[in-house]
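One structure is given here, and the rest of the page talks about it.
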Amino acid sequence: MSDLAPDTLPRADLDDPLYYLRNFRTLVEWVVGRHGDLLLESERRSIDQLLRLPTPSIALLVRMLMRRGELFRTSRLDYSEIGSTDDAISPLIEQRWVKPNPEIDTDALCRLLTLRELRDFLDSDLKGLPASATKTRIQEHLQALHADAVHRLDQWAPALSDKLVQLNCDALFTRVQLMFFGNMSQDLSAFVLTELGYKQFEPVPFTRDSRAFTSRQEVDIYLQLHLAREALSAGEPPAQVYAQLPDSPSSNWLERRYSRTLFEIGRGAEREGDFDLALKLYRQSRHVEANQRTFRVLELSKPDRDSYSALLDALACSKRPAEQTALSRIERRLSRQLGLTPKTRLTRTRLPQIKLALPGPAPVEASVAQHLSRPDAPVYYVENGLINGLFALLCWPALYAPLPGAFFNPFQAAASDLASPDFVQRRQEVFERALNALHSPTYKDEILKRRADKYGIACPFINWPLLSEELVSLALACIPPADLEAMFRRLLEDIPSHRSGLPDLVQFFPANTQSRTATGYRLIEVKGPGDRVQDHQQRWLEFCLERGIDVSVCYLSWEPGATS
DNA sequence: ACCCCACACTCAGTG
DNA sequence: GATCCGTAAG
DNA sequence: CACTGAGTGTGGCTTACGGAT
Ligand SMILES: [Mn+2]
Ligand SMILES: [Mn+2]
């Protein structure tokens with residue numbers, strides 16, 4: 001199987017008024033050509049038929065697919081590049097891609113008609129309402145009057161001369177899109193955004209057989225999990241959402257999604273006070289926080305000796321610092337509740353403090369940055385962006401190593417297994433090679449060159465506008481490579497939890513870079529009134545402190561009377 | 001990059 | 001009107 | 001009272017525009 005450079009993706013240039021149709025064809029042909037075996041025979045046949053319809057008809061269908069919802073008024077489907085909507089639509093109706101005159105409920109009716117039209121054409125239904133009633137008011141009124149009754153538009157509003165059509169094929173193309181992107185958050189707009197330069201992606205070579213899913217069942221499970229999460233956020237009862245969940249998938253990355261979904265439903269159950277269900281879900285979930293939530297729920301629902309001894313067991317075998325902290329907090333409360341002496345203590349290392357009173361209120365980080373900044377000691381508001389950014393610049397070849405399965409379409413900002421626990425291990429050698437460069441005399445130039453080469457390419461670790469050449473140069477001049485390596489290695493220990501929590505500000509002291517004693521930089525976490533150091537921030541700060549990196553927490557208050 | 005990270009805010013419980 | 005929001009589209 | 005832990009809500013290429021309030 002030969003490697004394919006992603007640049008070879010046919011680009012629909014924006015002068016083409018049917019650019020979206022070209023992109024749609026590219027996507028569909030890609031999926032049928034490479035993942036066709038994951039489609040049903042009937043699906044392949046109808047896609048084939050669709051692509052042979054007249055161009056204006058396919059174009060109109062794509063326009064509808066890219067728009068929100070499934071219902072459209074034909075008067076609102078008005079495209080100069082398509083011409084007559086009626087002409088374009090009839091083949092779509094004949095082939096059942098689109099359904100004419102669908103029956104709709106009052107909610108849909110209110111979404112499709114303007115306030116003015118509702119008043120003018122539903123006057124008999126709105127007798128009791130004042131003429132000034134708002135749209136939500138009308139919607140409630142109609143809902144109370146008709147409940148879930150469905151009618152055709154011409155039945156709801158006989159005097160309104162407009163037609164309604166309904167997409168019949170959303171599910172099929174949602175599936176096709178999912179197979180292409182491997183997620184539900186990207187859609188056809190990825191093509192045009194790339195073309196416009198708002199998004200750029202690292203071109204990683206991958207083979208023709210690379211794809212997100214290996215079986216149709218995996219796609220089905222993904223879609224079901226997505227439906228479950230949507231139902232949950234739409235307010236459906238957690239028990240009901242749980243009942244509709246598929247069986248636990250065998251593939252690793254789908255299992256993570258599955259566990260995450262269980263966890264979210266569990267949170268929903270907690271919110272509803274359904275502790276039994278929450279416990280059941282957390283026990284099945286392998287989400288990193290499922291364990292600590294289990295004990296939080298036990299603390300509330302069953303604060304007895306059994307729970308307490310289970311908690312002690314969990315504490316004893318807990319590996320993650322974040323989990324240990326959370327469990328230890330519960331242990332202190334639960335033991336007190338049971339009349340026992342706490343067995344753990346929260347040992348929060350005292351951090352160096354700065355107290356400041358400044359005129360405000362104003363954005364806290366910027367205020368402190370401005371106050372501390374001096375020409376020979378500039379301050380930058382970087383949060384996680386500096387260390388994550390330098391890390392990604394140095395380790396770029398590892399992050400974008402063309403491992404099998406990691407990349408499968410040209411619109412990926414990162415490898416598909418970035419969140420997986422064995423992400424680093426699978427790339428151990430490349431990462432080591434990258435980190436070893438920090439011992440070479442040329443690493444600064446290499447990082448600066450990488451910045452220049454890759455500027456603008458989407459990467460989850462990098463916020464490009466922040467990473468100015470000036471900032472990177474200063475950072476490389478002032479932060480010793482040993483510190484960089486220590487921080488990068490900590491990042492690699494647990495990327496998902498260590499990529500955040502870094503201090504807000506960095507201050508550089510370029511004049512000290514030759515000195516043996518004075519420090520070349522310091523890190524400052526800013527806390528405004530009412531804000532506190534978070535656990536993961538504390539862990540980064542303690543780590544730095546132990547390594548002799550100058551860190552402090554700046555507590556800011558506003559000078560009385562002054563405003564800015 | 002699978003609505004996340006940091007912030008600002010609220011609320012309740014505790015010494 | 002002025003303003004804010006959601007949606008469409010390049 | 002101050003302090004702590006827990007929970008919640010908010011944002012997202014850019015530009016243009018119709019619609020609601
Ligand atoms: Mn911050
Ligand atoms: Mn802060």
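On a predicted model such as this, the values are computed, not experimentally measured, just so you know.
Of the candidates B:dC7, B:dG15, B:dA1, the closest approach to any side-chain atom of A:Gln537 belongs to B:dC7. With C:dA9, B:dA1, D:dC13 as the choices, the nucleotide that has an atom nearest any side-chain atom of A:Leu193 turns out to be D:dC13. With distances taken from any side-chain atom of A:Asp504 to the nucleotides D:dG7, B:dA1, B:dC7, the minimum falls on B:dC7. Of the candidate nucleotides B:dC7, B:dA1, D:dG5, B:dC7 has the atom lying nearest to any side-chain atom of A:Glu365. Side-chain atoms of A:Gln412 lie closest to B:dA1 of the nucleotides D:dT14, D:dT8, B:dA1. In the set B:dC7, B:dC5, C:dG10, B:dC7 carries the atom at the smallest distance from any side-chain atom of A:Glu383. Of all nucleotides listed (C:dA8, B:dC7, B:dA1), C:dA8 comes nearest to the side chain of A:Arg68. For A:Arg260, the listed nucleotide lying nearest its side chain is B:dC4; candidates were B:dC4, C:dG10, D:dG7. Checked against D:dG5, B:dC3, B:dA8, the side chain of A:Arg333 finds its nearest nucleotide in D:dG5. Of the candidates D:dG7, B:dA6, D:dT21, the closest approach to any side-chain atom of A:His536 belongs to B:dA6.
A:Phe263 and A:Tyr282 have tilted rings, their planes meeting at an angle from 30° to 60° on a 0 to 90° scale. Note: A:Tyr400 and A:Phe407 have tilted aromatic rings, judged against thresholds of 30 and 60 degrees for the angle between ring planes. Taking the six-membered ring where the residue is Trp, A:Phe411 and A:Phe181 present tilted rings, their angle falling between 30° and 60°. Under the 30°/60° scheme for interplanar angles, the aromatic rings of A:Phe543 and A:Trp540 are found to stand perpendicular.
Here the separation of D:dT10 from C:dC5, taken at their C1' atoms, is 15 Å to the nearest Å. B:dC4 and D:dG12 are spaced 10 Å apart, taking the C1' atom of each and rounding to whole Å. Rounded to the nearest Å, the gap between the P atom of B:dC5 and that of D:dC13 is 16 Å. For the P atoms, the distance linking D:dG9 with C:dG6 amounts to 16 Å, nearest Å.
The side chain of A:Arg116 places no N or O atom within less than 4.0 Å of a non-bridging phosphate oxygen (OP1 or OP2) of D:dG18. Taking 4.0 angstrom as the limit, A:Asn384 places a side-chain polar atom (N or O) nearer than this to OP1 or OP2 of B:dA6. An OP1 or OP2 oxygen of D:dG7 is reached within less than 4.0 angstrom by a side-chain nitrogen or oxygen of A:Arg293. In this structure, A:Thr136 reaches the D:dT21 phosphate: one of its side-chain N or O atoms is under 4.0 Å from OP1 or OP2. Considering only side-chain N and O atoms, A:Lys199 lies nowhere under 4.0 angstrom from the phosphate OP1 or OP2 of D:dC13.
The nearest whole Å value for the distance from the CE atom in A:Met64 to the P atom in C:dT7 is 18 Å. At whole-Å resolution of the value, CG in A:Asp531 and P in D:dG5 are 14 Å apart. A:Leu399 has its CG atom 13 Å from the C1' atom of B:dA1, to the nearest Å. One atom, CD of A:Gln337, and another, P of D:dG5, lie 16 Å apart when rounded to the nearest Å. Distance A:Arg73 CZ to D:dG19 C1': 12 Å, rounded to the nearest Å. One interatomic measurement links the two molecules: CD of A:Gln534 to C1' of D:dG5, which rounds to 12 Å at whole-angstrom precision. Protein atom CZ of A:Arg296 is 6 Å distant from nucleotide atom P of D:dA6, rounded to whole Å. Across the protein-nucleic acid pair, A:Glu140 atom CD and D:dA20 atom C1' stand 15 Å apart, rounded to whole Å.
Heavy atoms from other residues, nucleotides or ligands lying under 6.0 Å from CD of A:Gln217 number 12 at most.
Using a 4.0 Å heavy-atom cutoff across all strands shown, A:Tyr79 reaches sugar-phosphate atoms only and no base atom. Among the protein residues, A:Arg336 comes within range of the sugar-phosphate backbone only, with heavy atoms under 4.0 Å from sugar or phosphate atoms but none that close to a base. Across all strands shown, A:Gly501 has heavy atoms under 4.0 Å from sugar-phosphate atoms exclusively, and none from any base. If you check every strand for non-hydrogen atoms under 4.0 Å, A:Arg111 touches nothing. Residue contacts shown for A:Arg137 are absent, as no nucleic acid heavy atom lies under 4.0 Å away.
At a cut-off of 3.5 angstrom, the base of D:dG5 holds at least one donor-acceptor pair with the side chain of A:Arg532.
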Apply the test side-chain contact (heavy atoms from CB on, under 4.5 Å) to residues A:Glu230 and A:His226: give CA-CA distance (whole Å), side-chain angles for both, the deciding distance (0.1 Å), then the verdict. CA-CA 6 Å; A:Glu230 275 194 333; A:His226 182 74; 3.5 Å; yes
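Geometrically, A:Arg499 engages A:Phe461 in a cation-pi contact, judged by NZ or CZ lying under 6.0 Å from the ring centre and within 45° of the ring axis.
Taking a pair to require two hydrogen-bonding distances under 3.5 Å in either a Watson-Crick or a G-U wobble arrangement, C:dC4 pairs with D:dG19. In this structure, B:dC3 forms a base pair with D:dG12, meeting either the Watson-Crick or the G-U wobble geometry with both donor-acceptor distances under 3.5 Å.
One finds the CG atom of A:Leu115 at 9.5 Å from the CG atom of A:Asp120 (value rounded to the nearest 0.5 Å).
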